[in-house]
Amino acid sequence: MESRKILVWFRNDLRLHDNEMLVEAISKSDSILPVYFFDPRHFENKVDENAQEKHNRFQFLAESVIALRESLRKMGGNLLIISGTPEDHIPVLAEKYEIAEVYHHREVATEETTVSSNVEDLLWKLRINLKHFIGHTLYNKEDLPFPIKDIPDVFSQFKKKTERDAIVKDCFPSPEHISFVEAEEWGELPECAGAFSAVPAGGEEHGIKHLQELFAVGSDIYIRSSKAHAAQHSFSSKLSPWLAVGALSPRKVYWAVKEAEQKFGSNSHFTQLILGLLWRDFFRFMFKKHSVNYFRDIVAEVTDFPQTEVYLLSLQQWKDGDTGNPVVDQYMAELNQSGFITHTGRLLVATYLIYILKLNWVDGAEYFEQKLIDYSPASNWGNWAYVAGGGKDPRSKNAFDLDKQIKLLDIEVQDL
């Protein structure tokens with residue numbers, strides 16, 4: 001009897017825990033071929049040889065891929081790493097290894113969905129099915145209280161109905177046993193990986209460790225702070241880099257919060273964490289609903305900005321952290337160095353670019369895309385569009401509050 005082989009195409013889902021695609025592939029096959037692509041289209045013209053971001057986002061991603069490979073090796077297998085496009089290689093792999101089906105997680109941003117469609121068309125010619133999974137959100141789309149096309153465009157309505165009528169499912173357990181397809185060569189990291197610095201620590205194991213430390217007894221998450229203190233010292237879980245590459249499941253974070261709530265009671269930081277996960281879901285579902293029209297839908301008027309010398313100088317000063325505003329400059333310096341700033345910091349520097357400097361929000365979003373170690377298309381572009389649109393949710397306490405943001409810009413820097 002011919003064995004059934006499934007190619008598991010890893011993307012932004014670099015983990016064994018809570019991975020429905022992986023669990024399903026194992027149960028529906030005799031053996032799997034796990035594959036990850038370093039697609040050159042994601043890196044060309046975006047990484048300067050001397051740029052700090054080369055040692056931030058790419059390093060974090062590379063570490064996460066290597067960590068997944070090590071986890072699979074411990075189970076007697078490996079991860080096939082290919083530098084190239086999925087379109088060029090998946091059909092070849094499918095024929096070479098007599099693959100019955102290909103499994104992958106569907107993305108929501110245009111570039112990623114186009115890649116999926118291209119691969120699907122190529123596989124269709126080989127009469128091989130590309131099966132889609134959606135494992136990047138807290139709520140499964142089929143569990144939402146409305147179809148995608150009817151999801152409210154106002155966050156507070158989405159939050160209220162979802163929290164009231166939908167459930168967050170339990171995490172899928174990590175597989176205990178996997179049978180692997182035997183590959184001739186398993187591939188190596190692309191040459192541009194270079195020498196790693198000691199800062200990023202990508203991978204599932206590091207993500208889970210960070211989550212555990214976040215909820216360890218005595219950690220900052222349990223500190224109840226006054227509003228004045230919170231304005232100066234905004235709490236950040238810093239989980240977003242692992243969430244962005246899928247080394248950590250949003251459901252795992254959610255259930256960690258719920259467990260802590262049962263032990264210690266409610267806490268504003270717990271609420272903030274859940275809120276962040278909901279915003280993350282909201283923007284992903286908005287992309288799913290509106291596609292590229294989302295920006296036009298949320299920002300009422302997108303005008304052309306003449307690229308004058310004055311404009312370009314102001315933009316460069318913002319990028320360099322040389323605006324003269326100490327709060328903005330410190331946050332931008334932090335972004336340039338580490339690839340990460342808190343959500344409060346992101347709102348503040350976006351507010352400054354859009355409403356004080358009067359520059360195009362798209363330029364800010366593009367710069368964040370280059371720099372952020374936790375870059376995720378839906379969250380990044382969604383957040384920038386939301387700030388630029390002034391928030392479409394004036395009655396909600398979660399709405400964007402321009403006056404509040406500008407007041408925060410006037411505070412003095414004290415250990416931000």
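The analysis underlying the following values was restricted to heavy atoms, covering all of them including side chains, and did not include hydrogens, waters or symmetry mates.
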Just by distance, do the side chain of [X] and the backbone of [Y] share a donor-acceptor pair under 3.5 Å?
X      : Y      : result
Asn19  : Phe172 : no
Ser64  : Gly203 : yes
Glu204 : Leu14  : no
Thr113 : Thr110 : yes
Asn383 : Ser379 : yes

(request) May I ask you to check whether Tyr36 and Phe10 place their ring centres under 6.0 Å from each other? (result) no
(request) Step through it carefully: locate the ring centre of Tyr103, locate the ring centre of Phe133, and say whether they are under 6.0 Å apart. (result) yes
(message) Any heavy-atom pair between the side chains of Trp9 and Ile90 that's under 4.5 Å?
(response) yes
(request) Report yes if the side chains of Asp18 and Lys252 come closer than 4.5 Å at any heavy-atom pair, otherwise no. (result) no
(request) Identify which one of Phe283, Trp279, Tyr386, Phe285 satisfies the ring-ring contact (aromatic ring centres under 6.0 Å, His included) criterion when paired with Phe155. (result)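 Running ring-ring contact (aromatic ring centres under 6.0 Å, His included) over Phe283, Trp279, Tyr386, Phe285 with Phe155 returns exactly one hit, Trp279.
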[X] [atom1]: over 12 foreign heavy atoms closer than 6.0 Å:
X      : atom1 : answer
Glu259 : CD    : no
Glu176 : CD    : no
Glu188 : CD    : no
Glu261 : CD    : yes

(message) If I take atom CG from residue Leu80 and atom CD from residue Glu184, how far apart are they, to the nearest 0.5 angstrom?
(response) 10.5 Å
(request) Give a yes or no on whether a salt bridge exists between Glu101 and Arg4, defined as a side-chain N under 4.0 angstrom from a carboxylate O. (result) yes
(message) Does this structure show an ion pair linking Glu112 with Arg41, if we count only N-O contacts that are shorter than 4.0 Å?
(response) no
(message) Once salt bridge (Lys or Arg N to Asp or Glu O under 4.0 Å) is applied, do any residues pair with Asp363, and if so which ones, sequence neighbours excluded?
(response)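 None.
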(request) Mind running side chain to side chain donor-acceptor pair (under 3.5 Å) on Asp39 and Thr85 for me, showing each step along the way? (result) CA-CA 5 Å; Asp39 190 331; Thr85 70; 5.8 Å; no
(message) Under a 3.5 Å threshold, yes or no: a donor from one side chain and an acceptor from the other, between His136 and Glu107?
(response)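 Short answer, yes.
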(message) Can you classify the ring geometry of Phe58 versus Phe38 as parallel (below 30°), tilted (30 to 60°) or perpendicular (above 60°)?
(response) tilted
(request) Fit a plane to each ring of Phe37 and His89, take the angle between them on a 0 to 90° scale, and name the class: parallel (under 30°), tilted (30 to 60°) or perpendicular (over 60°). (result) tilted
(request) Please say whether the positively charged group of Arg346, taken as NZ for Lys or CZ for Arg, lies over the ring of Phe340, i.e. under 6.0 angstrom from the six-membered ring centre and within 45 degrees of the axis. (result)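 Positive - Arg346 is close enough to the ring of Phe340 and near enough to its axis.
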(message) Taking salt bridge (charged side-chain N to carboxylate O under 4.0 Å, His left out) as the cut-off, I'd like each qualifying pair that reaches into residues 123-134, sequence neighbours left out, listed once.
(response) Glu24-Lys131
(request) Go through the steps to decide whether Glu163 and Leu278 satisfy the test side chain to side chain contact (heavy atoms under 4.5 Å, CB included), and finish with yes or no. (result) CA-CA 9 Å; Glu163 288 187 322; Leu278 279 167; 3.2 Å; yes
Do any side-chain atoms of residues 208-220 form donor-acceptor pairs under 3.5 angstrom with protein atoms, and if so which ones, sequence neighbours left out?
from, atom 1, to, atom 2, distance (Å)
His210, NE2, Ser237, O, 2.7
Ser219, OG, Leu214, O, 2.5
Ser219, OG, Ile221, N, 3.4

(request) Might you work through the side chain to side chain contact (heavy atoms under 4.5 Å, CB included) test for Trp186 and Leu79, ending with a clear yes or no? (result) CA-CA 7 Å; Trp186 289 100; Leu79 175 69; 5.7 Å; no
